[in-house]
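In the text below, chain A, chain B and the rest are named by the order of the sequence lines, each starting its count at 1.
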Amino acid sequence: MPVNRDTVLDWMRRFAGEMAEHRAELVRLDTAIGDGDHGTNMDRGMRKALERLDSADQADAGAVLKTVAMALVSTVGGAAGPLYGTLFLQMGGALAGRDEVDLDGYVEAWRKGLQGVQTRGKAEPGDKTMVDALVPAVDAMERAPDLDTALKEAVDAAERGTRDTIPMVARKGRASYLGERSRGHQDPGATSTYYLYRSAAEALGG
Amino acid sequence: MPVNRDTVLDWMRRFAGEMAEHRAELVRLDTAIGDGDHGTNMDRGMRKALERLDSADQADAGAVLKTVAMALVSTVGGAAGPLYGTLFLQMGGALAGRDEVDLDGYVEAWRKGLQGVQTRGKAEPGDKTMVDALVPAVDAMERAPDLDTALKEAVDAAERGTRDTIPMVARKGRASYLGERSRGHQDPGATSTYYLYRSAAEALGG
Amino acid sequence: MKKLINAPDAVVQDALRGMEAAHGDRLRVSYDPAFVVRVDAPVEGKVGLVSGGGSGHEPMHGGFVGPGMLDAACPGEVFTSPTPDQMEAATKAVNGGAGVLHIVKNYTGDVMNFDMAADLGRGEGIEVESVLTNDDVAVEDSLYTAGRRGVGVTVLLEKICGGAAEDRRSLADVAELGRRVNANGRSMGMALTPCITPASGDPSFELGDNEIEIGIGIHGEPGRFREETRSAAEVAERLAGPIVDDLPFNSGDRVLAFVNGMGGTPLIELYVMYGEVARLLGDRGIQIERNLIGNYITSLEMQGCSITLLRLDDEMIRYWDAPVDTPGLRWGV
Amino acid sequence: MKKLINAPDAVVQDALRGMEAAHGDRLRVSYDPAFVVRVDAPVEGKVGLVSGGGSGHEPMHGGFVGPGMLDAACPGEVFTSPTPDQMEAATKAVNGGAGVLHIVKNYTGDVMNFDMAADLGRGEGIEVESVLTNDDVAVEDSLYTAGRRGVGVTVLLEKICGGAAEDRRSLADVAELGRRVNANGRSMGMALTPCITPASGDPSFELGDNEIEIGIGIHGEPGRFREETRSAAEVAERLAGPIVDDLPFNSGDRVLAFVNGMGGTPLIELYVMYGEVARLLGDRGIQIERNLIGNYITSLEMQGCSITLLRLDDEMIRYWDAPVDTPGLRWGV
Ligand SMILES: Nc1ncnc2c1ncn2[C@@H]1O[C@H](COP(=O)(O)OP(=O)(O)O)[C@@H](O)[C@H]1O
Ligand SMILES: Nc1ncnc2c1ncn2[C@@H]1O[C@H](COP(=O)(O)OP(=O)(O)O)[C@@H](O)[C@H]1O
Ligand SMILES: [Mg+2]
Ligand SMILES: [Mg+2]
Ligand SMILES: [Mg+2]
Ligand SMILES: [Mg+2]
C-alpha cells in the first residue's frame with residue numbers, strides 16, 4: 001500500500017478503534033503506576049479526532065495527521081495530549097504537501113515525531129515512557145529494506161520496547177513518583193504507542 | 001437476702017458487669033434500629049457509677065441508687081442517660097433513709113421508678129422501649145408472695161417483655177424513624193432492663 | 001475500621017484539643033464538662049445561643065461557635081446527645097443577662113437532656129427558652145411517635161438566630177424567629193454508604209454495591225427504604241420532591257437551597273446535585289435566593305447527601321446575610 | 001461504583017452547571033472550552049491569576065475563583081490536566097493589561113499543557129509568567145526525574161498571590177512571591193482508602209483492612225510505601241517529620257499549618273490530626289501563626305489527609321490575611 005491521504009486516514013481510524021478496544025487495559029496499566037486515565041484519555045481524544053476528520057476534507061496525509069494532532073491537544077489533556085499531539089503534528093509537518101511518500105519519507109516523518117516528543121517531554125530511553133516504544137521502532141524502520149518490512153519490524157520492536165519497560169524504574173511522568181514501586185509494571189504510554197504501530201502495519205502494509 | 005445498702009451495692013456492681021459483658025450485643029441491637037451506641041453508653045455510664053460508688057461511702061441503698069443515677073445522667077447522654085437516671089433517682093428516693101426494705105418497699109420503689117421513666121419519656125407499653133420490659137416486671141412483682149419469687153418472676157416477665165418487643169413497630173425513640181422497618185428487631189433498652197432484673201435476682205435473691 | 005484517631009474513647013477529647021489549638025484565639029474549650037464557647041462570652045446584653053448534640057456531625061455544632069452564630073456548643077460522645085451538666089455549664093457561661101436560647105434537634109435523647117438542663121438553668125435564675133428543629137420529611141409524624149428528626153434546618157436556624165441575637169433582639173424574638181425558621185424548613189437525606197462509629201467499629205448498616213438508602217438520619221440510622229442506585233437527577237427528585245410537597249413550597253416562593261454532604265461525598269458531586277436541585281426548583285417556579293453547598297451537618301465518613309429547603313422572609317434573609325465568624329461559616333467580617 | 005452523578009463523562013460539565021447555578025452572581029462559566037472566571041474579569045490593571053488542573057480536587061481550583069484569589073480556573077477531566085485551549089481562553093479572559101500568572105502544579109501533563117498555553121498567550125501579546133508548585137516531600141527528587149509533585153502549597157500560594165494581585169502588585173512581584181511561597185512550603189499525604197474515578201469505576205489501589213498508604217499524591221496514585229494502621233499521633237509524626245526535616249523548619253520559625261482532608265475524611269478526624277501536629281511542632285519550637293483545616297485539595301472520596309507547612313514572612317502573612325471572597329475560602333468581606 002502506498003502512504004497517502006486515504007491509507008493514513010484508514011490508519012487513524014484503526015488506531016481510534018484500538019484505543020476504544022484497549023481502553024480498559026490502558027486504564028488498568030495506568031492505575032497500577034499512574035492515575036488510571038490513559039485509556040480514557042486516548043479514547044476520548046481519538047473519538048474527537050475521527051469527528052473532525054469526518055467533518056472536513058483533508059488535503060493530504062499531512063493534513064490528516066495535523067487534524068488528529070489538534071484534536072488530541074485540545075481534548076486529551078494530561079501528559080498524553082501534548083505528547084501524542086506533538087508526535088502527530090511533527091509527522092504531519094513532514095508529510096505535508098506530498099501526495100504519497102516512500103519508505104524514506106515515512107521514516108523521516110517518524111524521526112521528526114520522535115524528536116518532537118523528546119523535546120517536549122525530555123525523556124530518554126530507559127525512563128519508562130512511550131519513548132521506549134518509539135526509539136526501537138524508529139531504529140528498526142531505518143534498517144528495513146522496504147516499507148512492508150519496516151511496518152512489521154516496527155510492530156515487533158515496539159512490542160519488545162514496551163515489554164522492556166516492565167523492569168524499569170520510571171524517571172519521567174506520573175509513574176516516577178512511585179520510585180522503586182514502579183518496577184514490574186508495563187508503561188501505559190508505550191503500550192498505546194505499540195497499538196499505533198500495529199494499526200499502521202494493518203492500514204499501510206501489504 | 002435483705003434489700004439494704006450492701007446488697008444494692010452488689011446489685012449495681014453486677015449490673016455494671018452485665019453492661020460490660022453485653023456491650024457488643026446491645027450495640028448490635030441498637031445498630032439494627034438505632035444508632036449503635038446503647039451498649040457503649042450503658043457501659044460507660046456504669047463504669048463511672050462504680051468509680052463514684054468506690055470513692056465515697058454510701059449512707060444507705062437509696063444513696064447508692066442516687067449516686068448511680070447522677071453518674072448516668074452526667075456521663076451517658078442520649079435517651080438512656082436521662083431514662084435510667086430517672087429510674088434510679090426515683091427508686092433511690094423511695095429507698096432513702098431506710099436501712100432495709102421488704103417486698104412492698106422494693107416493689108414500691110420500682111413503681112416510682114417506672115412512673116419516672118414514663119413521665120420523662122412518654123412511652124406506653126407497646127411503643128417498643130424499655131417500658132415494655134419494666135411494666136410486665138413490675139406487675140409480676142406486685143403479684144408475688146415473697147421477695148425471692150418477685151425477683152425471679154421479674155426476670156421472667158422482663159425477658160418475655162423484651163422478646164415481645166421484636167414484632168412491635170417502634171413509636172418512641174430513635175427506632176421510631178424506621179417505621180415498619182423497625183419490626184423484627186429486639187429493643188436494646190428493653191434488653192438492658194432485662195439484664196438489670198437479672199443482676200437484681202442474683203444480688204438480692206436466695 | 002480505619003480512622004485518624006488515637007483511641008475510640010478519646011476522639012471527642014482529642015478533637016476538642018485540636019479545636020482549641022486551632023481556634024484558641026476565638027474559642028475557649030472546657031473539657032469537663034465538655035463544651036466550646038466564644039472567647040468573649042458572656043456578651044453583655046446579648047441573648048446567648050447554646051446548641052449541642054452528638055459528635056460526628058462536624059462542623060456542627062462546635063464549628064458554628066463564634067460571633068454571629070452560636071455562643072456555645074456541647075459535644076456528646078459520637079452520635080450520643082450530650083448531658084445536662086454540659087448544657088448547664090454552657091448556659092451559665094454564655095448568660096449575658098438577656099437570657100439563653102437552647103437549640104435542640106428533635107431526638108428523644110437530646111430533648112430529654114436539654115429539658116433537664118433548662119430546668120437546672122432556670123433553677124439558677126437564668127431565663128432559658130428552647131427551640132426544637134424537626135424538619136426531616138423522611139420520618140412519619142403522628143401524635144403517638146417521637147416525631148420528625150431535626151437535621152439540616154438546624155444549621156440554617158443557628159445562623160439566622162445567631163444574626164438576630166448579635167443584633168440584640170430579645171430572647172422572645174430570637175426564639176420566635178427560630179420557630180419560624182423551623183416551621184418553614186424541610187429536609188431529606190440519602191446515603192451511598194454507611195458510616196462506622198469509632199466505638200462500634202462496624203458499619204451502621206449494610207448496603208449492596210448497587211443500593212442506596214433513602215431517608216436516612218444523621219446518626220447512621222438506616223433510612224425508610226433502600227433501592228437501586230440512580231442518577232443524580234433522579235436522586236434530586238427523590239429528595240426534593242417530598243420536601244416540596246410537604247410544606248408545600250409553591251411557585252413564587254423564595255427559598256434558601258442547602259445541599260449538604262454527609263461527610264464522605266466529594267464536593268464535585270454536591271455541585272452536580274445542586275445543579276439538579278436548581279433545575280428542579282426552577283421548573284416549579286420556586287426561586288432560589290440563597291444557597292449553601294458543602295459538608296455542614298455530617299455523619300462521620302458517610303457518603304451521601306441531604307437537601308434542605310427553607311422558605312425565606314426578609315428578616316431571615318437579613319440575618320442569613322449578617323456577618324458570621326466561626327470556623328465553619330465565615331463571611332462579612 | 002456509587003456516585004452522585006448522572007454519567008461518568010458528564011461529571012465535569014454537570015458540576016460546572018451546579019457552580020454556575022450556585023455562584024452565577026460572582027462567577028461566569030464557559031463550557032467549551034471549559035473554565036470558570038470572575039464575573040468582573042478582566043480587572044483593569046490587575047495581574048490575572050489563572051490556575052487549573054484535573055477535576056476531582058474540589059474546591060481546588062474552581063472554588064478559589066473570586067476577589068482576593070484566582071481570576072480563572074480551568075478544570076480538566078477528572079485527574080487529567082486541562083488542555084492549552086482552555087488555558088489560553090482563560091488567559092485572554094482575565095488579562096487586564098498587567099499580565100497573567102499561570103499557577104501550575106508540577107505534573108508532566110500540567111506543565112506541558114500550560115507551556116503550550118503560555119506560548120499561545122504570548123503569541124497574542126499577553127505577558128504571561130508561570131509559577132510551579134512542587135512541595136511534596138514524599139517524592140524523590142533528582143535532575144533526571146519529573147521532580148516533586150505540587151500539592152497543598154498550591155492552595156496557600158493561590159491565596160497569597162491572590163492577595164498580592166488584588167493589591168495591584170506587578171506581575172514580577174506576584175510571581176516572585178509565588179516562588180517564595182513554593183520554596184518555603186512542604187507537604188506530605190497519606191490515605192486510609194483509595195478513590196474511584198468515575199471513568200474507571202475501580203479503586204485506584206487496593207489496601208488491606210489494616211493498611212495505610214504513605215506518601216500518596218492527589219490523583220489516587222499509590223504512595224511510596226504502605227504499612228500497618230497507626231494512631232493519629234503516629235501518622236502526624238510520619239508526615240510532619242519528613243516535612244520538618246526537609247526544608248528544614250527550625251525552632252523559632254513561624255509557620256502556617258495546613259491539615260487537609262483528602263475528601264472522605266470526617267472533619268472531627270482532621271481536628272484530631274491538627275491537635276497532634278500542633279503538639280509536635282510545639283515540641284520543636286516551631287510557632288504556628290496561622291492555620292487551615294478542612295478539605296481543600298482533595299482526591300474525590302479518598303479518606304486520608306495531608307499536612308502542609310509554610311514558613312511565613314510578613315508579606316505572606318499580610319496577603320494570607322487579606323480579604324478573600326470565593327466559594328471555597330471566604331473572609332474579610
Ligand atoms: N516526559 C515524558 N516523555 C514521554 N512520555 C511521557 C512523559 N511523561 C509521561 N509520558 C507518557 O505518558 C503516559 C501517561 O499518559 P496519561 O496517563 O494519559 O497522562 P497523565 O500521566 O497526565 O495521566 C505514560 O505512560 C508515559 O508513557
Ligand atoms: N421515650 C422513651 N421512653 C422510654 N424508653 C425510651 C424512649 N426512647 C428511647 N427509649 C429507650 O432507649 C433505648 C435507646 O437508648 P440509647 O441507644 O442509649 O439512646 P439513643 O437512642 O439516644 O442513642 C431504646 O432502645 C429504648 O428502649
Ligand atoms: Mg494517567
Ligand atoms: Mg442509641
Ligand atoms: Mg445515641
Ligand atoms: Mg491524568
Side-chain angles (χ1 to χ4, degrees), chain A residues 23-24 26-45 47-48 70-86 89 117 119-124 126-130 169-182 185 189, chain D residues 8-9 32-33 52-54 56 74-86 88 107-116 136 138-149 194-205 215-226 299:
Chain A
R23 173 185 166 130
L26 296 171
V27 161
R28 211 170 45 245
L29 290 173
D30 196 31
T31 298
I33 54 172
D35 57 353
D37 60 0
H38 188 58
T40 325
N41 289 347
M42 293 303 294
D43 180 36
R44 184 176 64 246
R47 272 190 289 123
K48 173 59 89 180
M70 292 319 295
L72 294 181
V73 165
S74 69
T75 56
V76 173
L83 289 168
Y84 273 102
T86 301
L89 202 66
V117 168
T119 306
R120 179 138 318 277
K122 318 254 170 354
E124 295 295 325
D127 285 352
K128 196 177 184 114
T129 70
M130 60 193 282
V169 172
R171 275 191 302 253
K172 284 287 182 302
R174 216 176 274 286
S176 69
Y177 307 136
L178 288 184
E180 272 295 327
R181 257 178 125 183
S182 64
H185 300 276
Chain D
D9 54 8
D32 191 15
C74 306
E77 290 298 312
V78 173
F79 293 172
T80 301
S81 102
T83 57
D85 55 324
Q86 294 172 262
E88 185 203 4
Y107 299 95
T108 306
D110 294 66
V111 169
M112 291 192 302
N113 284 286
F114 264 109
D115 268 0
M116 294 172 90
D136 190 345
V139 174
E140 261 172 41
D141 197 12
S142 97
L143 251 182
Y144 307 102
T145 65
R148 287 177 164 173
R149 297 176 285 225
C195 56
I196 299 178
T197 62
S200 90
D202 288 320
S204 55
F205 48 78
I216 51 135
I218 56 169
H219 303 88
E221 310 100 309
R224 296 289 295 191
F225 60 93
R226 63 186 47 174
S299 290

If I measure from the heavy atoms of chain A, does [X] come under 4.5 Å with its side chain, its backbone, both, or neither?
X	result
D:Pro203	backbone
D:Glu77	side chain
D:Asp85	side chain

Could you pull out all residues at least two apart from A:Arg171 that satisfy side chain to side chain contact (heavy atoms under 4.5 Å, CB included)?
A:Asp127, D:Tyr144, D:Thr145
For A:Val169, enumerate each residue passing the side chain to side chain contact (heavy atoms under 4.5 Å, CB included) test, keeping only those at least two apart in sequence or located in another chain.
A:Glu180, A:Ser182, A:Arg183
Please round to the nearest 0.5 Å and tell me the distance separating atom [atom1] of [X] and atom [atom2] of [Y].
X	Y	atom1	atom2	value
A:Asp35	A:Asn41	CG	CG	7.5 Å
D:Glu221	D:Phe205	CD	CZ	9.0 Å
A:Lys122	D:Thr108	NZ	OG1	10.5 Å
D:Tyr107	D:Asp136	OH	CG	7.0 Å

Tell me, out of D:Pro84, D:Pro82, D:Gly76, who's got the most heavy-atom pairs with chain A below 4.5 Å.
D:Pro84
Can you tell me which of [options] forms the most heavy-atom pairs within a distance under 4.5 Å of chain D?
options	answer
A:Arg174, A:Lys172, A:Glu124	A:Arg174
A:Thr86, A:Ile33, A:Asp37	A:Asp37
A:Thr31, A:Asp30, A:Val73	A:Val73

Ignoring hydrogens and geometry, is there a side-chain-to-backbone donor-acceptor pair from A:Arg181 to D:Gly223 under 3.5 Å?
yes
Please check: side-chain N/O of A:Arg120 versus main-chain N/O of A:Leu83, any donor-acceptor pairing under 3.5 Å?
no
I need the contact set between residues 75-82 of chain A and chain D: heavy-atom distance under 4.5 Å, sorted by residue number.
A:Thr75, A:Val76, A:Gly77, A:Gly78, A:Ala79, A:Pro82
D:Phe79 meets the ring-ring contact (aromatic ring centres under 6.0 Å, His included) criterion, sequence neighbours left out, with D:His57, D:His219
When the 4.5 angstrom heavy-atom criterion is applied to A:Arg28 and chain D, the contacting part is neither
Would you mind checking which part of A:Ala175 comes under 4.5 Å of any heavy atom in chain D, side chain (CB onward), backbone (N, CA, C, O), both or neither?
neither
Run D:Asp202 and D:Ser200 through side chain to side chain donor-acceptor pair (under 3.5 Å) and show every step you take.
CA-CA 5 Å; D:Asp202 288 320; D:Ser200 90; 5.1 Å; no
